[in-house]
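Report on one structure; see the data block that follows.
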Amino acid sequence: MGASCFSVVSLLSNFLRRSATAAGLSSQTVEIDGDTTIHFWGPTAATSKPNLVLIHGFGPPSLWQWRQQISFFAGEFDVYVPDLLFFGDSFTNSTDRSEVFQATCLAKLLENLQIHRYSVVGTSYGGFVAYLMASTWPEKVEKVVIASSAVNMRRSDNDRLMKKAKVDKIEDLMLPTTASGLRTLLDLVLFRRPYMPEFLHNDFLDKLYSENRKEKLELLKELRIGQDEVVTISPLSQETLIVWGEEDQIFLLEKATELNKLLGEKAKLKVIKKASHCPQLERADQFNNIVNDFFIHGFNMY
């Protein structure tokens with residue numbers, strides 16, 4: 001009975017929380033309106049340091065995707081790491097499931113915290129949210145980092161991905177229910193998938209992919225980006241760094257090249273070799289240095 005209760009994922013979750021605490025962050029929850037509650041990790045009290053918001057992608061909650069960035073940036077920034085709605089402990093009674101609503105809720109969170117100027121880093125689905133925050137509230141968002149996030153996604157990009165993954169629906173890939181489905185997802189998001197025994201795959205599925213499944217399915221189905229074949233995104237007024245893994249199989253590198261052109265003269269692209277869809281995890285040191293140089297020097301470094 002004791003063996004059946006053992007969970008590697010629970011141990012790792014505890015480690016992630018301790019790491020965030022060691023970096024000076026604490027777990028906090030804010031009710032931004034009568035319907036919506038946002039959980040985030042952030043400083044116990046704001047300082048004079050610049051504010052940095054890390055926005056996670058579809059998958060495990062925020063600490064799983066940003067641990068190595070939290071410890072790196074917390075010394076020079078007030079780092080805020082929110083869980084998007086239906087991830088971690090963030091929840092809403094609203095029926096809106098769009099990425100626009102996610103962006104609005106994060107903006108309300110920061111307003112509630114009296115944070116009026118901040119930079120954003122978003123990966124994958126979180127990059128959609130970061131772009132929308134930057135385009136909607138340019139007076140609040142200073143610099144933008146879009147990582148592994150095809151804001152210029154077309155409907156045919158999903159069709160290509162489903163064909164590659166050999167699934168009929170995108171949710172079968174993004175919200176796996178079996179060990180083999182999780183292996184397929186990891187093969188696409190990681191440059192080299194590490195070996196994991198069957199029980200560990202099942203542990204990940206149970207602890208990280210089963211919560212709020214109905215609502216996460218709705219998030220995928222109501223995603224507005226990628227609904228059409230015509231891309232209508234506008235350039236951003238902020239300096240914008242695009243970071244991409246050279247071997248990304250979710251959003252191919254050609255999407256990054258096109259996005260760089262679409263976002264205009266204030267956008268620059270940096271490609272990380274031997275990385276796929278999660279360069280902030282696979283090549284954390286390189287990712288952190290690229291982003292940090294951008295925050296310190298802007299595009300004077302290029």
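In what follows, residues are counted from 1 in the order of the sequence shown. Because the structure is predicted, anything quoted here is derived from the model rather than measured.
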I'd like to check [X] versus [Y] (side-chain heavy atoms, cut-off strictly below 4.5 Å). Are they in contact?
X	Y	answer
H39	S27	yes
Q102	L106	no
L161	L188	yes
E246	K274	no
D157	N152	no
I146	L259	yes
I233	L263	yes
D248	L253	no

Between [X] and [Y], what is the shortest heavy-atom contact and its length?
X	Y	value
L132	A103	CB-CB, 3.9 Å
A150	I225	O-CG2, 4.1 Å
G88	P61	N-CG, 3.9 Å
M162	I170	SD-N, 3.3 Å
E239	G298	OE1-CA, 3.5 Å
S148	T123	CB-OG1, 4.3 Å

Looking at [atom1] of [X] and [atom2] of [Y], how far apart are the two atoms once the value is rounded to the nearest 0.5 Å?
X	Y	atom1	atom2	value
L262	K255	CG	NZ	8.5 Å
F40	L110	CZ	CG	8.5 Å
L25	S19	CG	OG	11.0 Å
F101	D96	CZ	CG	5.5 Å
M133	K140	CE	NZ	9.0 Å
D35	C105	CG	SG	9.5 Å

Inset, instruction - Apply side chain to side chain donor-acceptor pair (under 3.5 Å) to S94 and T92, showing your working. - result: CA-CA 5 Å; S94 169; T92 185; 4.6 Å; no
Legend entry - Where at least one partner belongs to residues 49-83, residue pairs that pass ring pair (Phe, Tyr, Trp, His ring centres under 6.0 Å), sequence neighbours excluded: H56-F87, F58-F87, F58-Y125, W64-F204, F73-F77, F77-F295
Taking [X] for its side chain and [Y] for its backbone only, find out whether a donor-acceptor pair lies under 3.5 Å.
X	Y	result
Q227	L223	yes
T178	G181	yes
E247	K273	no
D203	V8	yes
S149	S124	yes
T240	L236	no
Q65	P60	yes
E31	I38	no

Can you tell me which residue pairs pass the salt bridge (charged side-chain N to carboxylate O under 4.0 Å, His left out) test with a partner in [range], sequence neighbours excluded?
range	result
residues 74-95	none
residues 159-169	none
residues 147-156	R154-E258

Inset, instruction - Identify which one of E111, E142, E139 satisfies the salt bridge (charged side-chain N to carboxylate O under 4.0 Å, His left out) criterion when paired with R117. - result: E142
In terms of hydrophobic clustering (I, L, V, M, F, W, Y; side-chain heavy atoms under 4.5 Å; direct or indirect links), are [X] and [Y] co-clustered?
X	Y	answer
Y209	L16	yes
L200	L281	no
I32	F86	yes
L186	L12	yes
L241	I296	no

Legend entry - Aromatic plane relationship, W244 with F251 - under 30° parallel, 30 to 60° tilted, over 60° perpendicular: tilted
Inset, instruction - Might you work through the side-chain contact (heavy atoms from CB on, under 4.5 Å) test for L113 and V30, ending with a clear yes or no? - result: CA-CA 9 Å; L113 297 173; V30 171; 4.2 Å; yes
Legend entry - Pairing residues for K108 by the salt bridge (Lys or Arg N to Asp or Glu O under 4.0 Å) criterion, not counting sequence neighbours: D33
Legend entry - Row check, F294 ring normal vs K143 NZ/CZ: under 6.0 Å, within 45°: yes
Inset, instruction - Give a yes or no on this: more than 12 heavy atoms of other residues, nucleotides or ligands lie within 6.0 Å of atom NZ of K49. - result: yes
Inset, instruction - List the steps and the verdict of side-chain contact (heavy atoms from CB on, under 4.5 Å) for F287 and E282. - result: CA-CA 9 Å; F287 181 94; E282 298 180 288; over 6 Å; no
Legend entry - Which residues share a side-chain contact (heavy atoms from CB on, under 4.5 Å) with P138, sequence neighbours left out: S237, Q238
Inset, instruction - Verify side-chain contact (heavy atoms from CB on, under 4.5 Å) between E171 and K221, making sure each step is shown before the conclusion. - result: CA-CA 8 Å; E171 55 262 34; K221 290 177 180 177; 3.6 Å; yes
Legend entry - Side-chain donor-acceptor contact under 3.5 Å, S156 with E229: yes
Legend entry - N288 side chain to Q69 side chain, donor-acceptor N/O pair below 3.5 angstrom: yes
Inset, instruction - In plain terms, say whether R183 and E198 are close enough for a salt bridge, that is, a side-chain N and a carboxylate O under 4.0 Å apart. - result: yes
Legend entry - Salt-bridge criterion met for E222 and R97 (N-O under 4.0 Å): no
Inset, instruction - Under the side-chain contact (heavy atoms from CB on, under 4.5 Å) rule, what do K270 and I242 come out as? Steps first, then yes or no, please. - result: CA-CA 6 Å; K270 292 291 286 185; I242 303 166; over 6 Å; no
